[in-house]
Amino acid sequence: MEKGKNSKNIMDYATVTLLDAENAIEIIDQTKLPGTIELIRLKSAQEIWNAIYLLKVRGAPAIGVAAGFGIYLLAKEIETEDYEVFYEAFQKQKEYLNSSRPTAVNLSWALNRMEKVCIANKNKPVAEIKELLHKEALEIQEEDIRVCKSIGEHGLTLVKPGDGILTHCNAGQLATSKYGTATAPIYLGEERGYHFHVFADETRPLLQGARLTSFELHAAGVDVTLICDNMSGTVMKQGLVQAVFVGCDRVAANGDTANKIGTSVVATVAKRYHVPFYVCAPTSTIDLNTATGDDICIEERPAEEVTEMWYQERMAPEGVKVYNLAFDVTDHDLISGIVTEYGIAREPYTESLKEILSKRNA
Ligand SMILES: CSC[C@H]1O[C@H](OP(=O)(O)O)[C@H](O)[C@@H]1O
């Protein structure tokens, strides 16, 4: 199989790459998938902001990695040796990038982590701080790979060879640095001969499931069946699904979880048909400062995503009212378990999530 830039296999490409010497971030433009694998380079703050907002790079962990690389590149451009001047300019760029999308906590988590490097090293030369930011941004990406693989290992304990697995949206390799979160058990299982049967919800309106999940799983040789969102109940009723794995954008302290719009519907239907429903969550996505799902800011996006095939042609009448929330909140009592890199949290989540985070902080 061709490797590198000429490969036709999406699995041969990194979701986000730092091109330090070129002061750029290279991403797969996910708005062009699956038709075209196009790598684009982001240099300016606005290019980075736009790429996140327009979902050219998307998925909570991938957004965090891109934000880490982005704020490092922007910090490099701050030409001063005065720490206070540097830090003020850094904060301005950080707040700008942080305004691109509100729901996925990984964006602010990564930016705050990078800011802590500045603060912790305030007495060092600015040039040295920039090098430390470079190191931290790369560590965020390397950690993401380790974390997703660990989520895969824990998730694999919940299913058995030949199981049917349903997923919603894309919490795959394209939403992370490698493995994905919801797809991590699927990819590890594929390596070990589990031969899962995956059902990928198309996930209206932006079709991350159709355009991205079915694309990457098929490219990886996984048995994947694309279904329209309205089919998820039927495949569960027919007994074709033994578990649901989804990603997440923010887990509140009580276990309520924000994920792509429609996730709470899948969880409700899974409860009806007694199908275990698992959220795959890097601990970076757990936000104990947010008490419940009611406190999670849910991004509302342009009507055109619903009225048109946003990347193609119109699908609804001009001027029709639209309500297009990009995420919804699945109540914690619909979640069978929250699969993290430190193990699986179960109800009561107000306690189990704290235990999981204590393992991380140990
Ligand atoms: C690995 S979590 C990815 C998470 O992000 C997606 O949202 P978007 O495509 O708008 O970035 C979706 O909620 C996924 O579950």
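In each ligand, atom 1 is the first atom listed, and ligand 1 is the first ligand listed.
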Per-atom contacts of ligand 1 with [X], taking only distances under 4.0 Å to non-hydrogen atoms:
{"X": "Asn170", "answer": "3 (C), 14 (C)"}
{"X": "Gly59", "answer": "3 (C), 5 (O), 11 (O)"}
{"X": "Thr181", "answer": "1 (C)"}

| request: Give me the ring orientation class for His134 and Tyr72: parallel if the planes are under 30° apart, tilted from 30 to 60°, perpendicular past 60°. | output: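 Parallel, since the angle between the ring planes stays under 30°.
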| query | Does Gln208, backbone or side chain, put an N or O under 3.5 Å from an N or O of ligand 1? | reply |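 N/O-N/O distance below 3.5 Å exists for this pair.
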| message | So, taking the atom named CD1 in Ile63 and the one named OG in Ser100, what distance separates them when rounded to the nearest 0.5 Å? | response |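 Ile63 atom CD1 to Ser100 atom OG measures 7.0 Å (nearest 0.5 Å).
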| Contact with ligand 1 for Ala60, non-hydrogen, under 4.0 angstrom |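 Yes, Ala60 has heavy atoms under 4.0 Å from ligand 1.
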| Out of curiosity, is Thr285 lining ligand 1, as in a heavy atom under 4.0 Å away? |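 It does not; every heavy atom stays at 4.0 Å or beyond.
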Ion pair check, [X] and [Y], cut-off under 4.0 Å:
{"X": "Asp333", "Y": "Lys271", "answer": "no"}
{"X": "Arg146", "Y": "Glu139", "answer": "yes"}
{"X": "Glu131", "Y": "Lys124", "answer": "no"}

| message | Could you check whether any side-chain N or O of His168 sits under 3.5 Å from a backbone N or O of Ile261, counting only pairs where one atom can act as donor and the other as acceptor? | response |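 Looks like yes, one N/O pair under 3.5 Å.
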| query | Quick one: does Ser352's side chain have a donor or acceptor within less than 3.5 Å of a partner on Arg346's backbone? | reply |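 At least one qualifying donor-acceptor pair exists.
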Taking 4.0 Å as the limit for heavy-atom contacts, which would you say applies to [X] with ligand 1: side chain only, backbone only, both, or neither?
{"X": "Arg101", "result": "side chain"}
{"X": "Lys260", "result": "both"}
{"X": "Cys169", "result": "side chain"}
{"X": "Leu55", "result": "side chain"}

To the nearest 0.1 Å, how far is [atom] from its closest protein heavy atom, and which atom is that?
{"atom": "atom 9 (O) of ligand 1", "answer": "Arg58 NE, 2.7 Å"}
{"atom": "atom 13 (O) of ligand 1", "answer": "Asp249 OD1, 2.5 Å"}
{"atom": "atom 15 (O) of ligand 1", "answer": "Asn259 OD1, 2.4 Å"}
{"atom": "atom 2 (S) of ligand 1", "answer": "Cys248 O, 3.4 Å"}

| Partner set under side-chain hydrogen bond (donor to acceptor under 3.5 Å, both in side chains) for Arg250, not counting sequence neighbours |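 side-chain hydrogen bond (donor to acceptor under 3.5 Å, both in side chains) check on Arg250 returns Asp287.
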| request: Under the salt bridge (charged side-chain N to carboxylate O under 4.0 Å, His left out) rule, collect the residues that match up with Glu77, sequence neighbours excluded. | output: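 Salt bridge (charged side-chain N to carboxylate O under 4.0 Å, His left out) check on Glu77 returns nothing, list empty.
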